[in-house]
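Quick notes on the structure that follows.
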Amino acid sequence: MITGQEIFNIVDLFTSQSTINFYENIFDNLDLSFIPEFIESKRGPKGYSRHALTRAFVVMNCEHFREITLLCDFLNTNLKIAQLCGFDITKPLPSYSVYQRFIHDIDNNLLKEIMKSQVNELIKLDAIDNSIVSVDSTPIKANTKYNNPKCFSKNKFSNEKHPKSDKDCKLGVPTANNEDSKKNYTFYWGYKNLIMCDAKSGLPIYEVTLTGEKADVSSLINFLDKINSWFSLKNSKILADKGFDSKANYNYIKDVLHSEAFIAKNKRNSKTVETISCGNPLCEAGLAMHKDGKQYLKGSIKQKFCCPFRTSKDDSKCPCNHPKYNNGHKNRGCIKYKSISTDYRSTVDDTSDYFKLYYSKRTESERYNSRFKNLNLENASVRNISSISNLNTLGHICLLTVAIAAIVNKKEDKICSLSKLKRAS
């Protein structure tokens with residue numbers, strides 16, 4: 001008969017030493033003190049350690065498992081990893097329902113505290129600072145048949161036909177190309193993860209999971225306000241794509257955060273008017289129009305332009321014989337208006353070399369989104385916003401812990417690569 005001590009002696013044989021070393025380094029640099037290990041209960045057993053369950057979900061991310069069932073199978077066949085998580089391998093390991101209940105019930109604020117702790121540790125290690133930060137969002141598709149391209153259900157992307165499998169998800173529109181101004185929309189049922197990254201190291205600072213219908217532009221101020229409460233954004237250069245472009249967002253960054261905004265201009269609703277070098281528009285006949293007074297509005301000035309032959313009595317002066325020129329009025333000819341903004345957004349020149357220099361660093365957000373999606377979190381396996389929010393936060397915690405472990409073990413070149421650190425362990 002094999003004794004319990006003998007099991008401990010041979011359990012290492014089922015898992016490679018490099019994998020064991022990797023998870024030892026990860027768990028040594030993961031502070032779970034913010035989560036009470038056991039839930040106090042006057043009756044019944046105290047249950048599984050919540051620290052062990054949290055580590056198990058970190059393993060799930062590191063192994064790129066999309067479903068909890070794959071995590072169960074992995075830990076049952078790699079008992080040494082289960083032991084490192086904190087489970088008693090002489091007893092049955094948690095079942096699927098235990099993991100499912102844990103990821104649904106755990107307070108996301110506790111996981112956010114762990115993430116903040118990891119970020120603060122990276123600040124101490126000089127891997128993260130607030131000089132240049134980038135904001136972006138990534139879609140999370142709900143676990144519903146309507147998101148399957150092979151589903152031919154009629155009106156599957158109609159608000160009146162909400163998926164029964166996930167009552168929390170909402171209809172969203174993913175941004176495929178920031179340069180594409182054509183309204184070729186695609187839809188999905190699900191959520192979105194709003195993420196702020198350090199644009200120099202490519203590491204996450206803060207995140208929040210929203211339902212799919214939430215617009216990026218209207219979510220930015222509240223998002224930045226939550227970050228600024230614990231991670232100072234003063235004198236930062238804040239980068240974002242045109243999905244976040246608005247006067248309110250620009251003014252908040254300048255007036256409240258006292259920072260610089262580098263947000264691409266959203267020009268979908270702007271009209272291109274042909275002008276001469278001094279800025280005066282051309283009429284339909286191709287003639288430069290004359291200034292004719294200003295109208296002062298809140299946040300902008302409306303400049304009026306009139307026909308160059310406005311007071312002429314000669315009916316043949318207009319080359320194109322415009323109807324408004326022959327309308328019998330004393331001041332004849334066409335009129336155009338040009339809006340001159342006086343807010344902070346209008347002073348930012350997105351065509352300047354200065355703007356392009358910093359905005360080019362926003363690609364770190366795209367790179368991080370790619371690494372985050374590689375954890376298999378883009379397509380949800382659970383069916384409620386609580387579980388999805390917790391899985392997303394644990395995914396970010398996993399990548400932050402990888403960065404800390406890489407720095408502590410003098411492997412700074414691998415802070416942004418989970419797979420490379422695993423191979424090098």
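Note on residues 148-160: pairs passing side chain to side chain donor-acceptor pair (under 3.5 Å), not counting sequence neighbours, are Ser153-Lys161. Identified under the side chain to side chain donor-acceptor pair (under 3.5 Å) test for residues 46-61, with sequence neighbours left out: Glu37-Ser49. Evaluation of the salt bridge (Lys or Arg N to Asp or Glu O under 4.0 Å) test over residues 96-111, restricted to residues two or more places apart or in two chains, returns none. Legend: salt bridge (Lys or Arg N to Asp or Glu O under 4.0 Å) pairs involving residues 411-425, not counting sequence neighbours, sorted by first then second residue: Glu63-Lys422.
In the displayed structure, Lys373 atom NZ is contacted under 6.0 Å by more than 12 heavy atoms of other residues, nucleotides or ligands. Crowding of Leu357 atom CG: a count of heavy atoms from other residues, nucleotides or ligands under 6.0 Å exceeding 12. Heavy-atom contacts from other residues, nucleotides or ligands closer than 6.0 Å to NZ of Lys214 number 12 or fewer. Applying the 6.0 Å contact sphere to CG of Asp255 captures more than 12 heavy atoms from other residues, nucleotides or ligands.
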For this session: Any chance you could lay out the side-chain contact (heavy atoms from CB on, under 4.5 Å) test for Leu79 and Leu93, step after step, and finish with the verdict?
Result: CA-CA 9 Å; Leu79 293 177; Leu93 296 181; 4.1 Å; yes
For this session: Carefully, step by step, assess Leu111 and Met115 under the rule side-chain contact (heavy atoms from CB on, under 4.5 Å).
Result: CA-CA 6 Å; Leu111 299 179; Met115 184 174 176; over 6 Å; no
For this session: Begin with the C-alpha distance, continue with both residues' side-chain angles, and end with the deciding distance and a verdict on side-chain contact (heavy atoms from CB on, under 4.5 Å) for Tyr252 and Asp225.
Result: CA-CA 10 Å; Tyr252 177 84; Asp225 189 56; 3.3 Å; yes
For this session: Please lay out, stage by stage, how Asn78 and Thr19 fare under the test side-chain contact (heavy atoms from CB on, under 4.5 Å).
Result: CA-CA 10 Å; Asn78 292 270; Thr19 302; over 6 Å; no
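Ser365 OG to Asp241 CG: the interatomic distance, rounded to the nearest 0.5 Å, is 8.5 Å. Atom CD of Glu113 and atom CG of Asp31 lie 11.0 Å apart (nearest 0.5 Å). Rounding to the nearest 0.5 angstrom, the gap separating the CD atom in Glu378 from the OG1 atom in Thr138 is 5.5 Å. In this structure, Asn147 CG and Ser165 OG are separated by 9.0 Å, a value rounded to the nearest 0.5 Å. Within the model, atoms NZ of Lys80 and CD1 of Ile89 stand 7.5 Å from one another, a figure rounded to the nearest 0.5 Å. Within the model, atoms CZ of Arg362 and CD1 of Ile132 stand 14.0 Å from one another, a figure rounded to the nearest 0.5 Å.
Legend: residues meeting side chain to side chain contact (heavy atoms under 4.5 Å, CB included) with Asn374, ordered by chain and number and at least two apart, are His64.
Under the 4.5 Å side-chain criterion, counting only non-hydrogen atoms from C-beta, Arg371 is not in contact with Val402. With a 4.5 Å cut-off on side-chain heavy atoms, Trp230 and Asn120 count as touching. A heavy-atom distance below 4.5 Å is found between the side chains of Leu375 and Leu418. With contacts defined as side-chain heavy-atom distances shorter than 4.5 Å, the pair Phe355/Glu260 does not qualify. The closest side-chain heavy-atom distance from Ile123 to Phe231 is below 4.5 Å. Between Asn266 and Phe244 there is no side-chain heavy-atom pair separated by less than 4.5 Å. Between Asp198 and Val119 there is no side-chain heavy-atom pair separated by less than 4.5 Å. With a 4.5 Å cut-off on side-chain heavy atoms, Ile81 and Leu75 count as touching.
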Acceptor/donor pairs from residues 202-211 side chains to any protein atom, 3.5 angstrom cut, sequence neighbours excluded:
| from | atom 1 | to | atom 2 | distance (Å) |
| --- | --- | --- | --- | --- |
| Glu207 | OE1 | Asn193 | ND2 | 2.8 |
| Glu207 | OE2 | Lys112 | NZ | 3.1 |
| Glu207 | OE2 | Thr393 | OG1 | 2.6 |
| Thr209 | OG1 | Asn193 | ND2 | 3.1 |
| Thr209 | OG1 | Asn392 | ND2 | 3.0 |
| Thr211 | OG1 | Glu213 | OE1 | 2.7 |
| Thr211 | OG1 | Glu213 | OE2 | 3.2 |

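Side chain of Lys234 to backbone of Asn228: no donor-acceptor contact under 3.5 angstrom is found. The backbone N or O of Cys197 sits nowhere less than 3.5 Å from a side-chain atom of Ser134 that would complete a donor-acceptor pair. A donor-acceptor pair is defined here as one N or O able to donate and one able to accept, closer than 3.5 Å; such a pair exists between the side chain of Asn280 and the backbone of Met289.
Contact check on Asp292 versus Lys304 returns a salt bridge, with a Lys/Arg side-chain nitrogen under 4.0 Å from an Asp/Glu carboxylate oxygen.
In summary, the side chains of Asn108 and Ser389 do not present any donor paired with an acceptor at a separation below 3.5 Å, with no hydrogens or angles considered. With no hydrogens or angles considered, a side-chain donor-acceptor pair links Ser131 and Asp129 at under 3.5 Å. For the residue pair Tyr191/Asp166, the side-chain donor-acceptor check at 3.5 Å is satisfied.
Minimum interatomic distance between Lys192 and Asp216 (heavy atoms only, all atoms of both residues): NZ-OD1, 3.0 Å. Taking all atoms of both residues into account, the shortest heavy-atom contact from Lys356 to Thr351 is CE-O, 3.4 Å. A pairwise comparison of heavy atoms in Ala248 and Ile221 identifies O-CD1, 3.9 Å as the closest pair. Heavy-atom minimum distance, Cys169 versus Pro163: SG-CG, 4.0 Å. In this structure, Tyr188 and Ile140 approach most closely via the heavy-atom pair CE1-O, 3.7 Å. Considering all non-hydrogen atoms of both residues, Ser137 and Asn369 come closest at O-ND2, 4.0 Å.
Close placement of the Tyr354 and Phe262 rings is indicated, their centers lying within 6.0 Å of each other. You'll find the ring centres of Tyr146 and His162 outside the 6.0 Å limit.
By the 30° and 60° cut-offs, the orientation of the rings of Tyr99 relative to Phe57 is perpendicular.
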